[in-house]
Amino acid sequence: MQNANYAMKNLKYFIILLLFGFNNLFYSQNDNLDTLRKYSYEELENIFYSYKDGNQVENSKVIAKYYLQKARKEKKDKKYLAEGYVFNQYNQDLQVSLKYIDSLEIISRNFRDNRYPARIYLLKGLLYNQFDNETAALENFIIALKYAKEKNNKRQIAIADLQIAYLNGYIGNHEETVKVLEYYYTHQDFLTEQDIEHIQISLADAYLDIHKYEEALKLIQNGIKLPSKNNEELQYNRYLILLGRYNLKIKQYSKAIKNLENCKRYFLKNNLDFDASYTMLYLGQSYDKLQNREKAIENFIKIDSIIQKTNNTFPELRYTYTYIIDYYREKKDKEKQVYYIDRFLTVDETLNTQFKYISRELPRKYDTPKLLLEKEEIISKLKKRRYLSYITIGTLCSMVIILTFLFIKAKKKEKEYKKNAQDLIKTVNQKSYSSEKNLKNEVTADQVVFDPEKNKLSADVVKNILQGLKIFEEKEQYLKNGITLISLAKKLKTNSTYLSQVVNTYKEKTFASYLSDLRIDYALIRLINDKTFRSYKLSVIAEELGYNNEQAFSKAFKRRTGTTLTIYLKEIEGNSN
């Protein structure tokens, strides 16, 4: 162990010397690449990754270019040519990077190396993820996982699993993300120090998502005290973001701002746009909590400028754009309001497309195959219980499918209810709901056209009943509890058969529907206009409207309006705010 540590120290010392030499090279002899000839492939690889991980893009590209030229010229071993293609696919435009990966795929076909072909798909997945194409990233990670399992490459299995876990976090499945990260954080046999560092940062972030603040703080404090030796400043600032987010979560807003302003300067200075965007997201939220809307809007607008430059989106952008739109609405700046509405629609379409795809494909292409693999393992171990195992796993698969279907259906229904509620509110606010709904089928006593084929009652009987119903509606007598067909008929000095026939014919509904619709239409208007009425318990509101209980009221409301009472009230409050 001591010899190993000694060897590592010598290697790090050697890398530092090489870095110093390369820096001199870039500043004094950048055109004279012949100077690089004295270095071996292994030495060049170490220097390349030191520059790459340190975000020294131009230096790393010089090394990558020379490495590939050297491998092509010497034709020593195709593995060096393969590494040259890998190096050169970093920090390029998407199409250029894909060409290098395609070249790697061609020459690696005859390799006796258990990293291939999974490595090809891992590189593509990471590349698509970098260019904000999460759908293509997911497809490639799933293919990579398949090949990695076939070759039993445990490191690649771990990387693919981790990348899929991050995509689970993207769609809000934070519990699943935490589960995978916790597993690999405690099973580190096939992971590098840098892999573990990334897992620790991601796990702390995921803990904050599920409100495990103590667990998150422990990881954050550990990372700040002992940052990665290879890249101390970058990792320190990434932990500082998390510390800022932690303070935001526990409502220590001033502390959060102090943390985040420090790392914001670092990320902007070093063109680390993705890190900078998240930093400014949490900064804006912190400033908003302290009622400093000007500083909040400054950070959110800066995020938009970065998004326009990089096209890298993330789900929390919905919050920033709605905040900006509301801000300019209050300022009555129509021009900027329209501009940021357009920006929001563009970004939201991208997010919505990717969210739907990943939500749909993750269970189908990742979770279900995992269940099937578990099924095979159970069958191999428990041959005597083969049929029971098939039934159990089949049920699990069915449950996954059914739950996924129900989740999608519920989301779709919720969206429909929300739109219906918004349409109702708009109609009521325009004071046209009454004319469209209540009076749509209204027939007054003076307007009765007597049809002996349609109605066996005399014209006078029909007119008297309709006149009574008009008074019943105008005086809002339908709000009284215990109204029945018989009691109302008695009040109108007729019999229940006649009253039922008139309601069916001229109101075009049953008596029960007629009574319920009057009450719900009244509720729609009053809930909007009467804030005190809205504040009552639902049981009290139901009682005031003449219903025996809250459940009967809610059921009638949904039947009449096509939305739920809860969503209708929520939308009213949203509009009021």
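Sequential numbering from 1 along the given sequence is applied to the chain's residues.
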(request) Would you check, one step at a time, whether the test side chain to side chain contact (heavy atoms under 4.5 Å, CB included) holds for L469 with V503? (result) CA-CA 9 Å; L469 290 177; V503 171; 4.1 Å; yes
(message) Using side chain to side chain contact (heavy atoms under 4.5 Å, CB included), reason through L281 and L317 one step at a time and then give a plain yes or no.
(response) CA-CA 8 Å; L281 169 69; L317 283 173; over 6 Å; no
(message) Could you go through K331 and E294, starting from their C-alpha distance and side-chain angles, then the distance that decides it, and tell me whether this counts as salt bridge (Lys or Arg N to Asp or Glu O under 4.0 Å)?
(response) CA-CA 12 Å; K331 294 287 184 182; E294 300 302 322; 3.7 Å; yes
(message) One pair to check against side chain to side chain contact (heavy atoms under 4.5 Å, CB included): L126 and Q130. What are the steps and the verdict?
(response) CA-CA 6 Å; L126 292 167; Q130 176 190 341; over 6 Å; no
(request) Take K426 and D423 through the test salt bridge (Lys or Arg N to Asp or Glu O under 4.0 Å) and record every step on the way to the result. (result) CA-CA 5 Å; K426 184 178 178 182; D423 290 344; over 6 Å; no
(message) Let's go through Y239 and N222 carefully: what are the C-alpha distance in whole Å and the side-chain angles of both, what is the deciding distance for side-chain hydrogen bond (donor to acceptor under 3.5 Å, both in side chains) to 0.1 Å, and is it a yes or a no?
(response) CA-CA 9 Å; Y239 280 111; N222 183 55; over 6 Å; no
(request) Could you go through the side chain to side chain contact (heavy atoms under 4.5 Å, CB included) check for T320 and M280 one step at a time? (result) CA-CA 10 Å; T320 65; M280 290 186 289; over 6 Å; no
(message) Apply ring-ring contact (aromatic ring centres under 6.0 Å, His included) to residues Y319 and F300 and explain how you reach the verdict.
(response) CA-CA 9 Å; Y319 171 86; F300 292 154; 5.8 Å; yes
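Side-chain atoms of Y128 and T135 form no donor-acceptor pair, as typed in the model, at a separation below 3.5 Å. A donor and an acceptor atom, one from each side chain of E134 and Y166, are nowhere located under 3.5 Å apart. No side-chain N or O of Y253 forms a donor-acceptor pair with one of D288 less than 3.5 Å apart.
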Hey, can you pull the donor-acceptor pairs under 3.5 Å for the side chains in residues 335-342, sequence neighbours left out?
from: Y339; atom 1: OH; to: Q308; atom 2: NE2; distance (Å): 3.0

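Using a 4.5 Å heavy-atom cutoff, the side chains of N247 and L260 are not in contact. Y183 places none of its side-chain heavy atoms less than 4.5 Å from the side chain of V178. Taking the side chain as every heavy atom from C-beta outward, I306 and L268 approach each other to under 4.5 Å. The shortest side-chain heavy-atom distance between Y278 and E316 falls under the 4.5 Å cut-off. Put simply, the side chain of T561 does not reach to within 4.5 Å of the side chain of Y568, judged on heavy atoms. Using a 4.5 Å heavy-atom cutoff, the side chains of I224 and I220 are in contact. For the pair L272 and Y266, the minimum side-chain heavy-atom distance is below 4.5 Å. Side-chain contact between Y282 and K249: absent, with no pair of heavy atoms (C-beta onward) separated by less than 4.5 Å.
Distance check: N259 CG to L243 CG gives 4.0 Å after rounding to the nearest 0.5 Å. Atom OH of Y207 sits about 6.5 Å away from atom CG of L219, to the nearest 0.5 Å. T563 contributes atom OG1, which lies 9.5 Å from atom CD of E414 (distance to the nearest 0.5 angstrom). Annotation: the span from L424 atom CG to I528 atom CD1 amounts to 8.0 Å, rounded to 0.5 Å. Once rounded to the nearest 0.5 Å, the distance linking CG of D517 with NZ of K509 reads 4.0 Å. Atom CZ of R534 and atom CG of N529 lie 8.5 Å apart (nearest 0.5 Å).
In this view, R526 and Y522, D530, F533, E544 satisfy the side chain to side chain contact (heavy atoms under 4.5 Å, CB included) rule, not counting sequence neighbours.
A salt bridge links E416 and K413; the closest N-O separation between the charged side-chain nitrogens and carboxylate oxygens is under 4.0 Å. With respect to the salt-bridge test (charged N to carboxylate O, under 4.0 angstrom), the residues R238 and E197 do not qualify. The pair E550-K537 fails the salt-bridge criterion, with no side-chain N (NZ, NE, NH1 or NH2) lying under 4.0 Å from an Asp/Glu carboxylate O. Using a cutoff of 4.0 Å between basic side-chain nitrogens and carboxylate oxygens, K295 and E298 are scored as salt-bridged.
Nearest heavy atom pair, residue L203 against residue E182, reads CD1-CG, 3.9 Å. Closest approach of S286 to I257, counting heavy atoms only: CB-CG1, 3.6 Å. Of all heavy-atom pairs spanning A556 and Y547, the tightest one is CB-OH, 3.6 Å. Closest approach of L181 and I199 over heavy atoms only: O-CG2, 3.7 Å. Minimum heavy-atom separation, A421 to I567: CB-CG2, 4.1 Å. Considering all non-hydrogen atoms of both residues, T532 and S535 come closest at O-OG, 2.5 Å.
A donor-acceptor pair is defined here as one N or O able to donate and one able to accept, closer than 3.5 Å; such a pair exists between the side chain of T177 and the backbone of A165. Under a 3.5 Å cut-off, the side chain of T505 and the backbone N or O of Q501 do form a donor-acceptor pair. Checking side-chain atoms of R519 against main-chain N and O of L479 turns up no donor-acceptor pair under 3.5 Å. Looking at N504, its side chain does come within 3.5 Å of a backbone N or O of S500 through a donor-acceptor pair. No donor-acceptor distance shorter than 3.5 angstrom exists from the side chain of S513 to the backbone of T510, with no hydrogens or angles considered. In this structure, the side chain of N168 does not engage the main chain of E176 through any donor-acceptor pair within 3.5 Å.
Other residues, nucleotides and ligands contribute more than 12 heavy atoms inside 6.0 Å of the OH atom of Y328. Remark: I210 CD1 is packed, more than 12 non-hydrogen atoms of other residues, nucleotides or ligands lying under 6.0 Å away. The number of heavy atoms from other shown groups lying within 6.0 Å of NZ (K332) does not exceed 12.
Checked options F553, Y478, F557; the residue passing with L545 is F553 (criterion: side-chain contact (heavy atoms from CB on, under 4.5 Å)). The side chain to side chain donor-acceptor pair (under 3.5 Å) with D132 is formed by just one residue from the set T310, T350, N312, T313; it is T313.
Note: Y514 and F511 have tilted aromatic rings, judged against thresholds of 30 and 60 degrees for the angle between ring planes.
Stacking of R293 on the aromatic ring of Y323 is recorded, both the 6.0 Å distance cut-off and the 45° axial limit being met.
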